[in-house]
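Read through the structure below, which is laid out as structure tokens, and then see the notes.
In listed order, ligands and their atoms are each counted from 1. Excluded from the calculations below are hydrogen atoms, water molecules and symmetry mates; all remaining heavy atoms, backbone and side chain alike, are included.
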Amino acid sequence: MNKNIAIDARNVGKIYGTGSGAVTALGDVSIAIEQGEFFTLLGPSGCGKTTLLRCIAGFETPTSGTIHLSGRDITYTPPNQRPVNTVFQSYALFPHLSVADNVGFGLKMQGKPAAEVKAAVERVLALVKLEDFAKRLPQQLSGGQQQRVALARALAPEPEVLLLDEPLSALDLKLRKEMQSELKRLQTETGITFIFVTHDQEEALTMSNRIGVMSAGALLQVGTPHDIYDRPVNRFVADFIGETNFLEGRVEDGQVRLGTGDLLAVPLEDQAGGVTLAIRPEQVSIGPVGAAIPAKIVDATYLGTDTHYTLALSDGSQLVARVQSNSASRFGVGDEVGVTIDDYAVQVLKS
Ligand code: ATP
């Protein structure tokens with residue numbers, strides 16, 4: 001057992017209910033989360049993220065498999081005996097208690113001496129930059145401040161692992177961005193292992209050391225944001241993380257021939273026959289008709305810094321290109337253009 005592993009889930013399965021009403025929330029998930037990392041479980045609604053988090057917290061017991069924390073088997077350990085805390089989307093603060101009392105509540109319940117509780121409350125309120133708000137009631141705080149109180153409360157007992165179940169989804173976009181960097185800072189400063197659940201791929205890419213992409217109760221890929229974005233293992237991951245164009249082609253003489261007849265020198269391993277190319281919109285450039293692949297602009301969407309162009313190729317397939325809005329060349333719907341694809345950056349997936 002590697003002592004640098006905080007959470008080691010081995011072949012974890014979870015079935016809710018029995019008989020014909022049974023739901024398999026987790027198939028056979030194995031994952032090792034390192035101590036001190038910001039790890040994100042990412043996937044669409046219903047893929048099993050919360051179930052895995054609840055098994056780590058102890059609110060659910062896996063139907064099969066085991067969960068170890070720093071080498072100890074905690075599969076059947078009650079939640080309050082695990083050095084693990086959870087922050088939920090709903091802050092779940094006590095409305096009649098002050099910020100300080102909310103934050104110190106758990107420690108007080110554990111029977112910690114008043115001086116120790118006070119010191120811990122001061123320490124974590126400083127950490128979330130709410131020292132001056134200790135006496136306020138939750139309703140006298142903004143949504144972002146309430147979420148910081150919930151974070152402070154979860155951090156107060158110094159858990160080894162902090163679980164965060166979509167903690168930012170109730171906040172508006174600007175506040176969410178602020179809280180993203182706040183969470184990242186807190187994680188770096190405390191060195192606590194954070195396991196963060198979200199269905200927001202941008203949030204996952206910006207905050208995480210590593211991401212685990214889930215779908216239908218299975219873990220499809222685990223890697224750094226770069227790994228996941230640049231080298232998705234399959235079409236689901238490529239599609240879920242960022243925008244992706246998919247073009248069908250056939251491997252021919254070490255290159256891929258598109259439906260249009262054009263050849264692309266994409267990086268091939270041992271693929272043969274039919275393949276799917278995953279092409280990011282920023283890997284597509286538009287220029288005048290000529291040596292490049294001929295296309296016609298069928299849609300142009302101005303997005304401020306960038307413009308998205310939808311291009312129809314001669315075989316009827318479509319590609320989206322993302323081009324800087326201030327670039328010299330501007331195109332309009334109906335324009336005949338030439339499309340170039342950065343071959344080297346294209347991912348080749350099995351068809
Ligand atoms: P979301 O992002 O919507 O919260 P999720 O990825 O966290 O989704 P889970 O909440 O883990 O997904 O749910 C996984 C599957 O298990 C879903 O099909 C869900 O309906 C089912 N499920 C979750 N909890 C229960 C339960 N207590 N009883 C029965 N089925 C459940």
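- Contacts between R54 and ligand 1, counted as non-hydrogen atom pairs separated by less than 4.0 Å, are absent for every part of the residue.
- Using a cutoff of 4.0 Å between basic side-chain nitrogens and carboxylate oxygens, R235 and E248 are scored as salt-bridged.
- In this structure a side-chain-to-backbone donor-acceptor pair under 3.5 Å is present from R82 to I74.
- Residue-to-ligand polar distances keep A25 apart from ligand 1: every N/O pair is separated by 3.5 Å or more.
- In terms of protein heavy-atom proximity, atom 10 (O) of ligand 1 is nearest to T50 CB, 3.7 Å.
- In this structure, G48 is part of the shell of residues with a heavy atom less than 4.0 angstrom from ligand 1.
- For V339 against A295, the heavy-atom pair with the smallest separation is CG2-CB, 3.6 Å.
- P44 counts as a contact of ligand 1, since one of its heavy atoms falls under 4.0 Å from the ligand.
- Nearest non-hydrogen protein atom to atom 3 (O) of ligand 1 is S45 OG, 2.6 Å.
- No N or O atom of H199 sits closer than 3.5 Å to an N or O atom of ligand 1.
- Taking every non-hydrogen atom of E166 and a distance limit under 4.0 Å, the qualifying atoms of ligand 1 come out as 2 (O).
- Looking from atom 23 (C) of ligand 1 to the surrounding protein, the closest heavy atom is Y16 CE1, 3.3 Å.
- Taking 4.0 Å as the cut-off between side-chain N and carboxylate O, K177 and E202 count as a salt-bridged pair.
- Between the side chain of Q145 and the main chain of S142, a donor-acceptor pair closer than 3.5 Å is present.
- Of all the heavy atoms in L162 and I192, the pair that sits closest is N-CG2, 3.8 Å.
- In this structure, atom 20 (O) of ligand 1 has its sub-4.0 angstrom surroundings free of protein heavy atoms.
- Crowding of E131 atom CD: a count of heavy atoms from other residues, nucleotides or ligands under 6.0 Å exceeding 12.
- Scanning all protein heavy atoms for the shortest distance to atom 2 (O) of ligand 1 gives K49 NZ, 2.9 Å.
- Of all heavy-atom pairs between P281 and E243, the closest is CD-O, 3.2 Å.
- The nearest heavy-atom contact from the protein to atom 5 (P) of ligand 1 is G46 N, 3.5 Å.
- Across every non-hydrogen atom of G242 and Y229, the tightest pair is CA-CE1, 4.3 Å.
- For ligand 1, the atoms closer than 4.0 angstrom to any heavy atom of C47 are 5 (P), 6 (O), 12 (O).
- In the candidate list T198, D165, T51, T51 is nearest to atom 9 (P) of ligand 1, counting heavy atoms.
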